[in-house]
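Below is one structure, written out as structure tokens; comments come after it.
Keep in mind it's a predicted model, so treat the numbers as computed, not measured. Positions are given from 1, in the same order as the sequence printed here.
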Amino acid sequence: PTTLSNWAGTGELIFANFIDSTAPVSDAYLDNGIVMEDPVVVMVHFVLTDDISADNPALVIASKLVAADKSANELSLSTNNLLIQSSP
């Protein structure tokens with residue numbers, strides 16, 4: 001929705017490079033389990049309009065994650081803490 005107050009609590013993001021489909025979305029890579037380079041592609045900030053109790057926290061959940069290469073072949077995904085990693 002164009003008006004933020006009309007959001008129903010969910011949203012979708014699609015990342016695509018229409019200029020160079022061979023370019024990675026990040027220069028980051030894993031070297032023996034250590035993240036090298038800057039892995040940040042998206043940073044999300046929220047502005048709360050209501051107080052949220054620590055006893056009843058609000059959750060932000062990323063679900064139904066899918067990644068694909070330039071030929072639309074699905075890539076495998078793994079998550080570790082806040083890092084989402086794709087690989088062929």
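A distance-only check finds a donor-acceptor pair linking the side chain of S53 to the backbone of D55 [under 3.5 Å].
Think of L65 as one node in a network of Ile, Leu, Val, Met, Phe, Trp and Tyr side chains linked at under 4.5 Å; its network also takes in L77, I84.
Atom NZ of K70 and atom CG of D20 lie 8.5 Å apart (nearest 0.5 Å).
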N/O donor-acceptor pairs under 3.5 Å from side chains in residues 26-50, not counting sequence neighbours:
residue : atom : partner : partner atom : Å
S26     : OG   : A28     : N            : 3.0
S26     : OG   : D38     : O            : 3.1
D38     : OD1  : V40     : N            : 3.1

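Across all their heavy atoms, A54 and P57 have their closest contact at O-CD, 3.6 Å.
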